[in-house]
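All remarks here apply to the structure that follows.
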Amino acid sequence: MRRKKRSLYLLLLILSLAGLAGCEKGREDDSEYRIFYVNKENTKTVAKGYEPKAKDDRELIQEFLDRLFQEEENKDYRQAVPKDVKLTSWKLENAQLYLHFGSSYMEMDNVTEVLCRAAIVRTLTQVKGVECISFYVEDSPLMDANGNLIGLMTGETFIENPGEQINTIQTASITLYFSNKDGTGLIPEVQEVHYSSNISMEKLVMEQLLKGPEGTEARSALPEGTKLVNVSVLDGVGFVNLNEGFLSQNYEIAESVVIYSIVNSLAELPNINKVQISVNGDSNMTYREKMDLNAMYERNLDYLDESARTQEEQIEEGAEKVVIEEEGSGD
């Protein structure tokens, strides 16, 4: 099924990627400095005001790095950089900060690494002389899980739930994936929803998914009693944290249908490429028999119900026919 990308979504995506285009200033001169930590649930960064002693850019970078690597225990947050992760060297050159880490950096799980990187970048790009940052592990540039180069990062590279300060009612069409009646496949359903713009789109999708389908040909794939703890997006990955109700087993529905009901629904959003699911913040487990929650799942339409797959093929064939006819009408 084709993804419906409204102009609002496209705008948010452009904003979230804007920091990748080049180096930008990270802080206004009169703003307060902040050190970024990670919340106890390990789902998002937390900013705390900080008054530095250093005045020189390089001294300020070192002071911020010391704070980022300093052990911090609080009931609400902790230091973003795990104690086993070591920074071997750093260099500031032409407003670009190069950070070199030891091999222990690669031992972080995906969620911890993204949050760690976000906290470091957001903290250090506040320094007036730092416009963008490059990460290296030993002498090699940092790669993502697919082997793609991460590249330059600015404070704007990481945007969590943009637009939360706005509070207006908007309308959107979202595509959700529910289970068919016998629990063997997924049925996509487009819903027209009205929502307050102070809610993130990923949260809206999860809330509507938990409410269940509007039509009568589908049923909710998620176990009864499942509740959303939180959901956030960082670096193109949607992190979904559900309560223990998610572990209640309903063997009428295949485990792959349960997982991809969530994954495919969230992956319809233009700012989400992969999804990771956790239960009360813990992803170090296997759902039922084979679905590893520590893995990041991508959109997969192989689990569509046969009737939904036929409809998908008809749509695609119709689109191809239109293209062929347009190409043939040129003479």
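Because only heavy atoms are used, hydrogens play no part in the values below, and waters and symmetry mates are left out as well, while side chains stay in.
Residues in residues 82-91 take part in these side-chain hydrogen bond (donor to acceptor under 3.5 Å, both in side chains) pairs, two or more places apart or across chains: Gln62-Trp90. For residues 219-229, the pairs satisfying side-chain hydrogen bond (donor to acceptor under 3.5 Å, both in side chains) are Arg219-Glu252, with sequence neighbours left out.
With sequence neighbours excluded, the residues satisfying side chain to side chain donor-acceptor pair (under 3.5 Å) with Asp109 are Thr112. With sequence neighbours left out, Ser248 forms a side chain to side chain donor-acceptor pair (under 3.5 Å) with no residue at all. In terms of the salt bridge (Lys or Arg N to Asp or Glu O under 4.0 Å) criterion, Glu255 has no residue partners (sequence neighbours excluded). Looking at residues two or more places apart in sequence or on another chain, you find a side-chain contact (heavy atoms from CB on, under 4.5 Å) between Leu176 and Ile174, Phe178, Gln191, Val205, Gln208, Leu209, Ser265. A search for side chain to side chain donor-acceptor pair (under 3.5 Å) contacts involving Asp182 returns Asn180, Thr184, not counting sequence neighbours. With sequence neighbours excluded, the residues that form a side-chain contact (heavy atoms from CB on, under 4.5 Å) with Ser278 are Asn241, Ser283. Under the side-chain contact (heavy atoms from CB on, under 4.5 Å) criterion, Thr123 pairs with Ile35, Phe36, Phe64, Leu68, Gln126, not counting sequence neighbours. Val137 is linked by a side-chain contact (heavy atoms from CB on, under 4.5 Å) to Tyr105, Met106, Leu142, counting only residues two or more places apart in sequence or in another chain. Evaluation of the salt bridge (Lys or Arg N to Asp or Glu O under 4.0 Å) rule for Lys40 yields Glu73 as partners, not counting sequence neighbours. The ring pair (Phe, Tyr, Trp, His ring centres under 6.0 Å) search around Phe239 returns none, not counting sequence neighbours.
Enclosure of atom CZ in Arg58 is not indicated, since only 12 or fewer non-hydrogen atoms of other residues, nucleotides or ligands lie within 6.0 angstrom. Surrounding CG of Asp66 are more than 12 heavy atoms belonging to other residues, nucleotides or ligands, all under 6.0 Å away.
Taking the ring centroids of Tyr136 and Phe101, they lie at or beyond the 6.0 Å cut-off. Ring pair Tyr177/Tyr303: centre-to-centre distance not below 6.0 Å.
Taking the charged nitrogens against the carboxylate oxygens, Arg299 and Glu268 do have a contact shorter than 4.0 Å, which makes a salt bridge. Note on Glu207 versus Lys211: no salt bridge recorded, every NZ/NE/NH1/NH2 to OD/OE distance being 4.0 Å or above.
Between Leu152 and Ile133 the shortest side-chain heavy-atom distance does not fall below 4.5 Å. Counting heavy atoms from C-beta on, the side chains of Thr45 and Arg122 come closer than 4.5 Å.
Shown are Ile253, Leu186, Leu266, Ile187; of these, the side-chain contact (heavy atoms from CB on, under 4.5 Å) with Ser261 is made only by Leu186.
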Should Glu113 and Arg117 be marked as a salt bridge (Lys or Arg N to Asp or Glu O under 4.0 Å) after you check the CA-CA gap, both sets of side-chain angles, and the distance that decides it? CA-CA 6 Å; Glu113 190 279 323; Arg117 180 154 43 93; 2.7 Å; yes
Decide side chain to side chain contact (heavy atoms under 4.5 Å, CB included) for Glu131 and Thr154; before the verdict, give the C-alpha distance in whole Å, the side-chain angles of both, and the deciding distance to 0.1 Å. CA-CA 7 Å; Glu131 297 183 352; Thr154 72; over 6 Å; no
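Taking hydrophobic clusters as Ile, Leu, Val, Met, Phe, Trp and Tyr residues chained together by side-chain heavy-atom distances below 4.5 Å, Leu222 does not share a cluster with Val229. Val81 and Tyr98 end up in different hydrophobic clusters when Ile, Leu, Val, Met, Phe, Trp and Tyr side chains are linked at under 4.5 Å.
When all heavy atoms of Leu115 and Lys44 are compared, the closest pair comes out as CD2-CA, 3.7 Å. Counting all heavy atoms, side chain and backbone alike, Leu124 lies closest to Leu65 at CD1-CD2, 3.8 Å. Residues Lys181 and Thr216 come closest through the heavy atom pair CE-O, 2.9 Å. Closest approach of Ser173 to Val190, counting heavy atoms only: CB-CG1, 4.2 Å. Across all non-hydrogen atoms, the minimal contact from Pro188 to Thr175 is CB-CG2, 4.2 Å. Val258 and Pro223 get closest at one heavy-atom pair: CG1-CD, 4.3 Å.
Between Tyr50 and Glu63, the side chains place a donor N or O and an acceptor N or O closer than 3.5 Å (distance only, hydrogens not considered). No donor-acceptor contact under 3.5 angstrom links the side chains of Gln96 and Asn94, judged on distance only. Neither side chain, Glu298 nor Asn273, offers a donor N or O lying under 3.5 Å from an acceptor on the other.
Looking only at distances, no side-chain donor or acceptor of Thr286 sits under 3.5 Å from a matching main-chain atom of Glu289.
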